[in-house]
Enquirer: 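After the structure tokens below, expect a handful of questions from me.
Values reported hereafter were calculated over all heavy atoms of this structure, with side chains retained and with hydrogens, waters and symmetry mates removed.
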Amino acid sequence: MSRFLVKPELPYCKGCGHHLIVRNTVKALEALGASPLDVVLVTDIGCHGIVDGNFATHTVHGLHGRSVALAAGIAMGLPPEKKVIVYIGDGGATIGLQHILEAARMNADLTVVVHNNMLYGMTGGQPSGLTPTGFRTVLTPQGYSLPHHNLPRLVLDAGAPFAARVVGLGDFSDVLRQALAVQGFALVEVLEICVSYGVKMNPDLRLKELAQEAGYEPGIWESPARPAFRPSRRETASLLDMPAVPQKYSSPLEGRMALILAGSAGEGVQQAAELLAQAAIAAGLHVTKKGSYPVTVGVGFSTAEMVLSRDPIFYHGVPQPDAVVVTSADGLANQRERIRRMTGGVLWLDASLPVPETSAEVRVADFRGRAGARNAALYALLTVLRETGVVPPEAFLETVRESPIGRQVDLSEW
Amino acid sequence: MTMTLSHSHPVLIDGSRLIAEACVRAGADAYVGYPITPASLIFFHASRRFPIALPAPDEITALQWMAGLSAAGYLPVSATSFPGFALMVESINMAYMMELPMLVILVQRLGPATGTATAGAQGDLLLLNGLISGGYPLPVFCISDLEDCWLLPPIALQTAVDLRMPVVLLTSKEMVMTQESFDLARLSEIAPVHRTVYDNPGPYCTYDPGDGLVPPFLPVGNDRHQIRLNASTHDRCGIIQHTSDEAMANTRRLQAKVEARAPVLYHLDEQEGAQTLVVTWDITSGAAREAVMTLRSQGVPVSLLIARTLLPLPTVYLETIDRYPRVVIAEENHQAQLAHLLFGRRIPPHVRTVTAIGRMIRPDEIAREVVR
Ligand code: SF4
């Protein structure tokens with residue numbers, strides 16, 4: 001018995017082609033001089049998947065169709081001298097086709113052996129994506145009507161350096177040996193007939209003729225070698241290497257102020273609010289800021305909700321804002337309902353906009369005219385600070401000056 | 001930078017950044033991500049910080065890669081939201097059965113289905129309770145504030161390693177995407193997760209727990225012992241079984257280890273004379289804290305329980321609730337999911353629920369229910 005097996009009797013039906021795949025795999029591994037613990041056999045769901053117990057290698061028995069992705073994860077975590085082999089059926093290859101293509105594209109370091117017996121054997125002989133046209137199954141007694149996937153061609157297109165198809169008769173261990181020697185992704189499709197369901201429904205078919213008629217051309221196809229995908233650990237810097245915001249100012253704010261800044265995407269709304277948040281910290285306040293914008297971030301409204309507070313903020317929702325600052329029509333449309341519901345507070349509105357229905361005090365100012373669309377949000381916040389003093393305007397100006405946009409805006413004009 | 005800062009170090013920060021940094025400091029070494037709002041900010045930070053960060057082509061692949069990396073000895077993390085999490089469910093079951101440590105951060109958003117990607121929610125608790133086919137418990141911890149973003153990832157990772165299993169860290173959109181002023185000096189040092197591998201020369205069976213409940217770990221591909229990982233029903237050695245006694249004992253052990261060893265984490269702030277206990281979790285914890293502070297300042301005594309271990313549901317929650325004549329449970333979903341977990345469909349009359357969808361629950365809603 002081979003050192004790769006712990007039990008020579010395989011668990012398959014008599015005459016099942018899976019026997020030959022195991023024998024040829026073992027022969028190929030022996031030819032490569034591997035030792036059992038250098039090999040990880042990852043099996044999918046299907047008759048082939050109950051073979052784990054026969055192998056002396058590491059074995060991993062996963063989910064239906066997902067074995068290639070699972071094996072890719074294992075291969076990423078192991079050194080190149082370890083061999084990761086996937087046993088998968090034609091059904092598993094169908095449900096997991098994307099995993100196969102992605103592993104090929106990445107050049108994951110594994111060898112996929114597709115047991116293509118042209119139907120789902122374990123569940124009673126249903127057709128798969130590899131069932132050839134005309135092949136009769138329990139669900140298609142008149143013959144299957146669709147063409148089959150061409151796996152070797154698909155994986156080569158996806159970037160695999162090696163793909164092969166063999167008719168699963170006799171000794172095909174050398175093809176498996178070549179596949180296993182590849183540094184990177186290799187796929188070998190082995191054609192078989194399931195003696196229990198395939199032969200029963202297609203008694204006259206012979207494997208070789210079936211392969212020929214179906215256009216299942218045997219062969220080996222190779223692409224230029226490229227490095228196998230194997231991520232290496234890198235050194236990274238702490239995410240907390242953030243400069244402290246020094247408290248250089250003080251704020252007269254006693255309680256809490258909820259502020260909404262609403263404008264248009266691309267007009268620096270989020271950045272302006274973030275700078276105000278920094279300035280508020282510099283003035284000794286607690287602050288929260290959240291952004292809201294449509295999924296198409298480059299167009300439409302952009303709204304920032306902020307809470308500034310003397311005391312720690314545990315709840316940072318803004319059901320009733322104290323201040324709403326609107327710099328564009330997009331912002332007004334987005335906040336119109338909330339502005340309508342305001343029973344107090346102040347609405348700062350750009351002069352270009354119609355005054356909406358509200359019980360809030362309305363203050364109109366020419367933000368866009370004074371600062372341009374790009375900086376209207378910044379200028380509007382500065383205006384609010386000058387009029388309320390909730391954060392000293394100098395604190396805000398200093399924060400802006402020290403930020404990347406400080407170089408782009410001529411603050412002396414403001 | 002060490003985290004024992006003696007001076008205050010105020011910054012504007014989001015919870016996602018703290019979570020990613022805490023995971024890495026605790027020893028998580030591989031992040032596998034697929035972008036989804038509102039978990040993408042964690043992906044962004046993790047991509048800059050983790051020793052290995054991999055963008056996966058979909059969430060099924062993400063979980064499978066994590067399982068593979070975990071089998072090889074890595075400690076992987078991913079973050080997602082319901083639509084992606086739904087794709088992960090079968091693979092989380094696989095990792096559960098294979099006993100592979102990993103952390104999945106579930107950032108809740110408004111459902112059902114795609115729902116509203118940019119609206120928060122606390123709607124996935126009932127989904128997690130019963131996630132494992134057969135009803136086996138999955139440890140679920142929940143973040144209630146920025147400090148928890150720092151404290152809970154290491155505990156969740158240690159639990160994943162100690163119990164050899166996937167662990168879920170639950171949070172929500174407003175928790176991980178809101179920027180807040182925060183003093184970094186409040187963060188304590190994080191010790192890396194303590195992890196051992198089997199190093200005896202003797203025979204090794206992948207799922208033999210010895211005298212304990214958790215089998216010692218050894219990575220697949222090692223040179224000393226054969227590893228057999230199996231998502232199907234299996235015996236102590238990982239060999240597929242139908243329903244043999246040994247296999248059923250192994251399956252029962254999966255529950256026993258969680259019940260015996262999953263940490264119970266909560267915050268209980270009891271006030272003398274309080275007749276009402278406010279119970280909450282996740283983002284509503286902030287509103288509950290404010291409500292409790294306001295009530296106390298008005299002379300209304302009230303107690304507060306913030307649940308951090310959500311699953312398996314700690315019995316201490318019911319024991320605490322039993323001591324109060326009135327209970328208010330506040331959570332941002334339509335069903336009062338924690339209340340249902342605690343009481344089933346028959347919520348007792350002395351237990352009031354405060355719920356909302358599409359917006360955060362306000363402190364005044366909770367306070368009003370307390371004094372009603
Ligand atoms: S059912 Fe078909 S595929 Fe399965 S072992 Fe038998 S012959 Fe092989």
Enquirer: At a heavy-atom distance under 4.5 Å, which candidate from R359(B), E290(B), M360(B) has the highest pair count against chain A?
Expert: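 So the answer, after comparing R359(B), E290(B), M360(B), is E290(B).
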
Enquirer: Between chain B and each of E274(A), Q278(A), Q247(A), E235(A), count heavy-atom pairs under 4.5 Å; write down the option with the most.
Expert: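 Of the candidates given, the most pairs with chain B belong to E274(A).
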
Enquirer: Hey, does the side chain of R17(B) reach the backbone of L240(A) with a donor-acceptor pair shorter than 3.5 angstrom?
Expert: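 Pair absent, no side-chain N/O of R17(B) close to backbone of L240(A).
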
Enquirer: So which part of M106(A) gets closer than 4.5 Å to some heavy atom of chain B, the side chain, the backbone, both or neither?
Expert: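 Side chain of M106(A) only, per the 4.5 Å heavy-atom cut-off to chain B.
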
Enquirer: Evaluate D29(B) against R233(A) for salt bridge (charged side-chain N to carboxylate O under 4.0 Å, His left out), listing each step before the verdict.
Expert: CA-CA 8 Å; D29(B) 48 6; R233(A) 289 172 196 262; 3.0 Å; yes

Enquirer: Name the member of M177(B), M97(B), E90(B), H45(B) that forms the most heavy-atom pairs with chain A at distances under 4.5 Å.
Expert: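 Result: the option with the highest number of such pairs is E90(B).
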
Enquirer: Please state whether the side chain, the backbone, both or neither of A108(A) comes within less than 4.5 Å of a heavy atom of chain B.
Expert: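 No part of A108(A) comes within 4.5 Å of chain B.
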
Enquirer: With a 4.5 angstrom heavy-atom cut-off, which part of A22(B) approaches chain A: side chain, backbone, both or neither?
Expert: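 Looking at A22(B), nothing touches chain A.
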
Enquirer: Where do H61(A) and M98(B) come nearest, in terms of heavy atoms and distance?
Expert: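 Taking every non-hydrogen atom into account, O-CE, 3.2 Å.
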
Enquirer: Heavy-atom pairs under 4.5 Å with chain A - which of L63(B), T178(B), I13(B) has more of them than the others?
Expert: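 Option with the greatest count: T178(B).
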
Enquirer: Looking at side-chain heavy atoms only, is the closest gap between Q226(B) and L37(A) below 4.5 Å?
Expert: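 SC-SC contact between Q226(B) and L37(A) confirmed.
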
Enquirer: Closest heavy-atom contact between L70(A) and Q64(B)?
Expert: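 Distance-wise, the nearest heavy atoms are CB-OE1, 3.2 Å.
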
Enquirer: Against chain A, label L69(B) side chain, backbone, both or neither, depending on which of its atoms sit under 4.5 Å from a heavy atom there.
Expert: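 L69(B) touches chain A through backbone and side-chain heavy atoms alike.
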
Enquirer: Name the member of P243(A), A282(A), A71(A) that forms the most heavy-atom pairs with chain B at distances under 4.5 Å.
Expert: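 The option with the most such pairs is P243(A).
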
Enquirer: Where on H225(B) is there a heavy atom nearer than 4.5 Å to chain A: the side chain, the backbone, both, or neither?
Expert: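 When you check distances to chain A, only backbone atoms of H225(B) fall under 4.5 Å.
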
Enquirer: A side-chain contact here means heavy atoms from C-beta on lying under 4.5 Å apart; do F314(A) and M293(B) qualify?
Expert: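 Side chain of F314(A) against side chain of M293(B), heavy atoms only: contact under 4.5 Å found.
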
Enquirer: Any side-chain heavy atom of L12(B) sitting closer than 4.5 Å to one from I281(A)?
Expert: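 Side-chain contact under 4.5 Å: yes.
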
Enquirer: So F229(A) and L54(B), do their side chains get closer than 4.5 Å, heavy atoms only?
Expert: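 Yes, side chains in contact.
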
Enquirer: Quick check for you: among G62(A), P36(A), G96(A), which has the greatest number of heavy-atom pairs under 4.5 Å with chain B?
Expert: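 Top option by heavy-atom pairs under 4.5 Å: G62(A).
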
Enquirer: Side chains of N222(B) and H58(A): does their closest heavy-atom pair fall under 4.5 Å?
Expert: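 The answer is yes, as the side chains (C-beta and beyond) meet within the 4.5 Å cut-off.
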
Enquirer: Once salt bridge (Lys or Arg N to Asp or Glu O under 4.0 Å) is applied, do any residues pair with K82(A), and if so which ones, sequence neighbours excluded?
Expert: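 Expected list: D38(A), D223(B).
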
Enquirer: Using the rule given for side-chain contact (heavy atoms from CB on, under 4.5 Å), can you reason through V60(A) versus V220(B), listing the C-alpha separation, both sets of side-chain angles and the distance that settles it, and then say yes or no?
Expert: CA-CA 9 Å; V60(A) 181; V220(B) 77; 4.0 Å; yes

Enquirer: Just so I understand: if I count every heavy-atom pair under 4.5 Å between each of I313(A), T43(A), T57(A) and chain B, which residue has the most?
Expert: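 The candidate making the most pairs under 4.5 Å is T57(A).
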
Enquirer: Using every non-hydrogen atom in the two residues, find where L239(A) and E21(B) come nearest and quote the distance to one decimal.
Expert: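 Shortest heavy-atom separation between L239(A) and E21(B) comes out as N-OE1, 2.8 Å.
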
Enquirer: Donor-acceptor check, side chain of S181(B) to backbone of V287(A), threshold 3.5 angstrom: yes or no?
Expert: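 The answer is yes, because a donor-acceptor pair under 3.5 Å joins these two groups.
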
Enquirer: May I ask you to test the H316(A)-E174(B) pair for a side-chain heavy-atom distance under 4.5 Å?
Expert: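 Side chain of H316(A) against side chain of E174(B), heavy atoms only: contact under 4.5 Å found.
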
Enquirer: Can you tell me which portion of L146(B) sits under 4.5 Å from chain A's heavy atoms? Options are side chain, backbone, both or neither.
Expert: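 Neither the backbone nor the side chain of L146(B) comes within 4.5 Å of chain A.
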
Enquirer: Below 4.5 Å, heavy atoms only, C-beta onward: do D58(B) and Q98(A) meet side chain to side chain?
Expert: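 With C-beta onward as the side chain, the pair touches.
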
Enquirer: Closer than 3.5 angstrom, by distance alone: can the side chain of R234(A) be matched with the main-chain N or O of F50(B) as a donor-acceptor pair?
Expert: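 Side chain of R234(A) to backbone of F50(B), a donor-acceptor pair under 3.5 Å: yes, one is there.
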
Enquirer: Hey, which of L285(A), V68(A), V245(A), L63(A) has the most heavy atom pairs under 4.5 Å with chain B?
Expert: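 That would be L63(A).
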
Enquirer: What part of S232(A) is in contact with chain B, defined as an atom under 4.5 angstrom from a non-hydrogen atom: side chain, backbone, both or neither?
Expert: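 The answer is the backbone of S232(A).
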
Enquirer: Between the side chain of E180(B) and the main-chain N/O of T288(A), is any donor-acceptor distance below 3.5 Å?
Expert: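 Not a single qualifying donor-acceptor pair exists.
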
Enquirer: Looking only at heavy atoms, which two atoms of I239(B) and G53(A) are closest? And how far apart?
Expert: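 Minimum heavy-atom contact is CD1-CA, 3.7 Å.
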
Enquirer: Got a sec, which residues hit salt bridge (Lys or Arg N to Asp or Glu O under 4.0 Å) with R3(A), two or more places apart in sequence or on another chain?
Expert: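 With sequence neighbours excluded, R3(A) shows a salt bridge (Lys or Arg N to Asp or Glu O under 4.0 Å) to no residue whatsoever.
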
Enquirer: Would you mind checking which part of S91(B) comes under 4.5 Å of any heavy atom in chain A, side chain (CB onward), backbone (N, CA, C, O), both or neither?
Expert: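 For S91(B), the contact with chain A is made by backbone and side chain together.
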
Enquirer: How far apart are the closest heavy atoms of Y74(B) and G77(A), and which atoms are they?
Expert: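 Result for this residue pair: CE1-CA, 3.5 Å.
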
Enquirer: Between the side chains of R49(B) and S238(A), does any donor sit under 3.5 Å from an acceptor?
Expert: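 The answer is no; no qualifying pair exists.
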
Enquirer: Heavy-atom pairs under 4.5 Å with chain A are the metric here; pick the option from A71(B), P57(B), A67(B) that has the most.
Expert: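 The option with the most such pairs is P57(B).
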
Enquirer: In the structure I gave you, are the side-chain heavy atoms of H99(A) and T61(B) within less than 4.5 Å of one another anywhere?
Expert: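 Yes, close enough: below the 4.5 Å cut-off.
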
Enquirer: Looking at CD1 of I283(B) and OH of Y315(A), how far apart are the two atoms once the value is rounded to the nearest 0.5 Å?
Expert: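 Taking CD1 in I283(B) and OH in Y315(A), the distance rounds to 10.0 Å.
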
Enquirer: Count the heavy-atom pairs under 4.5 Å between each of D311(A), L78(A), V42(A) and chain B, then report the option with the highest count.
Expert: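 The candidate making the most pairs under 4.5 Å is L78(A).
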
Enquirer: Heavy-atom count around E81(A) CD within 6.0 Å, excluding the residue itself: above 12?
Expert: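 Count over threshold, so yes.
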
Enquirer: Do you know which two heavy atoms are closest between A72(A) and W65(B), and how far apart they sit?
Expert: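 Nearest heavy atoms, A72(A) then W65(B): CB-NE1, 3.8 Å.
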
Enquirer: Which atoms of V51(A) are under 4.5 Å from chain B, going by heavy atoms: the side chain, the backbone, both sets, or neither?
Expert: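 No part of it gets close to chain B.
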
